[in-house]
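Naming convention: chains lettered A, B, ... in sequence-line order (proteins, then strands); numbering from 1 in each chain.
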Protein chains: 4
Amino acid sequence: MDWECVLQGIEASVEPMRGQGKVADYIPALAAVDPRKFGLAVVLGDGTQSCLGDADELFSIQSISKVFTLSMALRVVGDTLWERVGREPSGSPFNSIVQLEHERGIPRNPLINAGAIVVTDHLVERLGSSKTIAELLDRIRRLADDDSIKVDQAVAESESLAGERNRALASFMKSYGNIKCPVEETLAAYFCHCSIAMTCRQLARAALFLAFDGCDPISGQQMVSSQACRRINAVMMSCGHYDNSGDFTYRIGLPGKSGVGGGILVIAPRHGAVAVWSPGLNQAGTSAVGSLALEALVKATGWSVFV
Amino acid sequence: MDWECVLQGIEASVEPMRGQGKVADYIPALAAVDPRKFGLAVVLGDGTQSCLGDADELFSIQSISKVFTLSMALRVVGDTLWERVGREPSGSPFNSIVQLEHERGIPRNPLINAGAIVVTDHLVERLGSSKTIAELLDRIRRLADDDSIKVDQAVAESESLAGERNRALASFMKSYGNIKCPVEETLAAYFCHCSIAMTCRQLARAALFLAFDGCDPISGQQMVSSQACRRINAVMMSCGHYDNSGDFTYRIGLPGKSGVGGGILVIAPRHGAVAVWSPGLNQAGTSAVGSLALEALVKATGWSVFV
Amino acid sequence: MDWECVLQGIEASVEPMRGQGKVADYIPALAAVDPRKFGLAVVLGDGTQSCLGDADELFSIQSISKVFTLSMALRVVGDTLWERVGREPSGSPFNSIVQLEHERGIPRNPLINAGAIVVTDHLVERLGSSKTIAELLDRIRRLADDDSIKVDQAVAESESLAGERNRALASFMKSYGNIKCPVEETLAAYFCHCSIAMTCRQLARAALFLAFDGCDPISGQQMVSSQACRRINAVMMSCGHYDNSGDFTYRIGLPGKSGVGGGILVIAPRHGAVAVWSPGLNQAGTSAVGSLALEALVKATGWSVFV
Amino acid sequence: MDWECVLQGIEASVEPMRGQGKVADYIPALAAVDPRKFGLAVVLGDGTQSCLGDADELFSIQSISKVFTLSMALRVVGDTLWERVGREPSGSPFNSIVQLEHERGIPRNPLINAGAIVVTDHLVERLGSSKTIAELLDRIRRLADDDSIKVDQAVAESESLAGERNRALASFMKSYGNIKCPVEETLAAYFCHCSIAMTCRQLARAALFLAFDGCDPISGQQMVSSQACRRINAVMMSCGHYDNSGDFTYRIGLPGKSGVGGGILVIAPRHGAVAVWSPGLNQAGTSAVGSLALEALVKATGWSVFV
């Protein structure tokens, strides 16, 4: 593959769209980001890194962190995790709390807020709030081979201040017995991992193991079991993009996870991992320009799990 | 791959479960089927066929027909199809009509009843009711290389008699202007294609093109465009099994479509197509023993789109 | 009570608002009505009639007919009626079909469309479609002491042509076994009774028995039992105005029923019956000017069931 | 009215049912109450008090307190109250949080938990948490002419410990800006007023003003305006009994409010006030034996707002 050519093609198709979409504004730290930012990083199994634009600039990974907590929880907690969270798409944004009520406090999947809070609660129950974050960071740093990765504390504090809705979800699940720790303790860890700041390059590198059956192809380390890896990819494919997960699967054809900070992580099994970042969001809360870049990328590379 | 060994393993793991699940009983023709029936057929790209049990017995393909009407409609109608039907999972069985109301008559995806009725309505609008069925059958016969495939008229009549709920869905969408033909004309075609009878062997053979980027690897004929093929697989993966689509993706890791007659069609890109049939259904309406057989098959073969 | 003064007060408060609201336009016969029309009739227990504006002009009573079919059904069918329909408010307009699904085909109450179709189905099951309408008309004519009252056939035909949504509701309930007659037979009767044309004067006169414990105070005839009368009033109070029933109870404080033709019937127990008509509807589908007139009327008369 | 005879009739019809229903068990203080308890008190406009059974035993008034906070808030806040809470029935128990989401944090009415929390928040915003409770108690003591009425602190603490669901509702509304005070401050006042302990006799006496257009007929004091009184009664009639408000209106025909402690308050305009208590609840959360007693009472007295 001529990556220079692929990246040029992506850049050309993205350029006229720069600045599109609506930047998340529920906390100041996100609202302040320049909407024209755009970065992309592709990391292949042989370690090759191909980058574009602001690929080395830190951004708030937000919900993409749910992939890392899920993978950590599958190792720490194992399959009993699934007794307290499902793996079905939620169908609709407005359904989140509807379905929580209908399904008596069991969230639909670990990649929506309610489900990620349950995953975090599992970890906090075993490790406590600070050790959960410490171990998670340690794990991500090793994966990305970069010790500088950390939580953006200002973002974490803003998240907590603006976090009434997550508080509502947690209290609601606690009323059904599906949160075991004190609500504020679990939320403290949750707000922290959502506030991890990474670059596209770090993110793609850190997630590379998911494209190679759970084994990081560069370090050779098995990060999760082969089965767990397939399942994380499966859950990303079914549920990774809120209520436009089906459309993402249709357009991109690869498992992925988007965050409200404008980042999208995508896994191309047997090939590599891709991280893209552009802060303007489409109506469903996924990066608008990031999605376009990924469409251009899969068109150029032919990558798809469906062929 | 030692297929004899794979099939023996599947047979052994399925045998103690034979007869499990609940046979669909809303029409007599389905209720009368022996719950211990079990058949499986794997057709590979080189034409190899490996079969088990009742793989040559006819059964009612029911909702699996939606994959064939969708692929026909993408050829006949093209992408304007998506103006009248979405491609998101529906989330919940009880949501079907809820969401139709919430989303003003636009069904979630072409693989739930409401969406398949819209797809059928597109075809009936262009071809009329009988020609739609004639062309669909012709297409399936060519794909399966078997001119004997036909609609089971007794089942189609039963479907129509028991079809008040589908009538409700169609009338409801018509009240939003999303059904163009007379309700009964569109439903006549819909009930017919759901009542096509096929064997596992015929079904796997007919769907082989979906595993090879839209091109039937034996005849060499391009049945749908490469892009359409990927998208059909994507829609099957997101929405192929009602409200347990996420769980199916998690367990099996391959795009597929189940029918209430107990059949499941599964596509293994670059490998082949699998059809399994066993009439007892699990709570979500998917063949119970069929699912187990597919879990055994993907374990033995390692097939998954996620590695 | 100085009725001349009361009526003048109502007229004065209504005059600047004439023409407000949105005339129903789903069928031509309703869309064509002059939005400035306004009529009001009060009929007291001693037979006194006080009228205003277009009180002698015919209009389509639409959903107000549900009060008469309910009272007829309680006489013909008795309390077994309640096995197939509830008496709770529906909560939300969009809930109608949601709740039908959630509650397995049992509509919330007899004054929403789904419930009135079930009530009609009860009558059609016993009397057939045409005899149901014949007896209903006979009953209304006797009550209003006016043999000219009849179904507007042009409206009934338009209703049927535009009736896909009611067809959907009926088919949906039939799929749960809660419609006994053929859908089209029950709907024929339903569309007819919704298309009865009456004047405000006729309507108030016909409903007078509901203000006097079921006994028409002028003829002395007991039209429904005392208990049935209280219950019809109770159902009107809880459910008479779609999803603004609570607001109507709060503002007007009397049981009533509104229709999409712009009519509202209100019962003042121990005093009399009021019919008001003005075709412009508010967001909840109740006559905008009609509601204002009723607010002025209860303010002037002090009528309320809550004092 | 021969009250001795009326009470004997009620006692006879209730006796065989004593102990029916399910005592609320979400907090120990409620779970411990003897399910065979039954008390009833009728207080008429002339001050006559007629009592039965355990009419002088204290019980937790729970949601009945919402009637007193609403009446206090209408005096303190006035009609601006309605900008932050509706007056429509909620339709379904499961809808509470569904509708909160659908209607962006505005609760359906002031008698469901979410709505009562908003009413309390209004008061706490103006008076602070402790002064709200002090003034409310002062008001109730004057109405009941009994200075001993107080909050059961043990119950209030249990409510707070078990109050995750109310915490969820409050956080959820706060995320929409519809709670102004800190969640825990508003909830502290809310849990307190729900934990007021009263006897049937005190309760009926305290609510007597609602049967006489807002004016306590014994002290002659106007407690709320005539208009506010009608509206409180209207809201009780539409929304006083969760999702069986319509059925209560149908069976009893009087405005009322039930509490999970087994109490029911009923207003008979122009006649008097009734309080009944029996801890076993029916499926909708209303006292089972209490409802039967009220049915017997309205049958014997003929009381109904609909005649």
#### Entry: Counterpart residues, salt bridge (charged side-chain N to carboxylate O under 4.0 Å, His left out), relative to A:Arg36 (two or more places apart)
A:Glu15

### Task
Please identify each residue that fulfils salt bridge (charged side-chain N to carboxylate O under 4.0 Å, His left out) with A:Glu184, with sequence neighbours left out.
A:Arg167

### Message
I need the full list of salt bridge (charged side-chain N to carboxylate O under 4.0 Å, His left out) pairs touching residues 119-137 of chain A, with sequence neighbours left out, sorted by first then second residue.
### Response
A:Arg84-A:Asp121, A:Arg84-A:Glu125, A:Lys131-A:Glu135

### Query
How about residues 174-181 of chain A versus chain D: which residues have heavy atoms under 4.5 Å apart?
A:Lys174, A:Ser175, A:Tyr176

### Query
Hey, are A:Thr69 and A:Lys66 close enough side-chain-wise for a donor-acceptor pair under 3.5 Å?
no

### Task
Answer yes if the side chains of A:Tyr190 and A:Glu159 hold a donor-acceptor pair under 3.5 Å, and no otherwise.
no

### Query
Between A:Ser65 (side chain) and A:His193 (backbone), is there a donor-acceptor pair under 3.5 Å?
yes

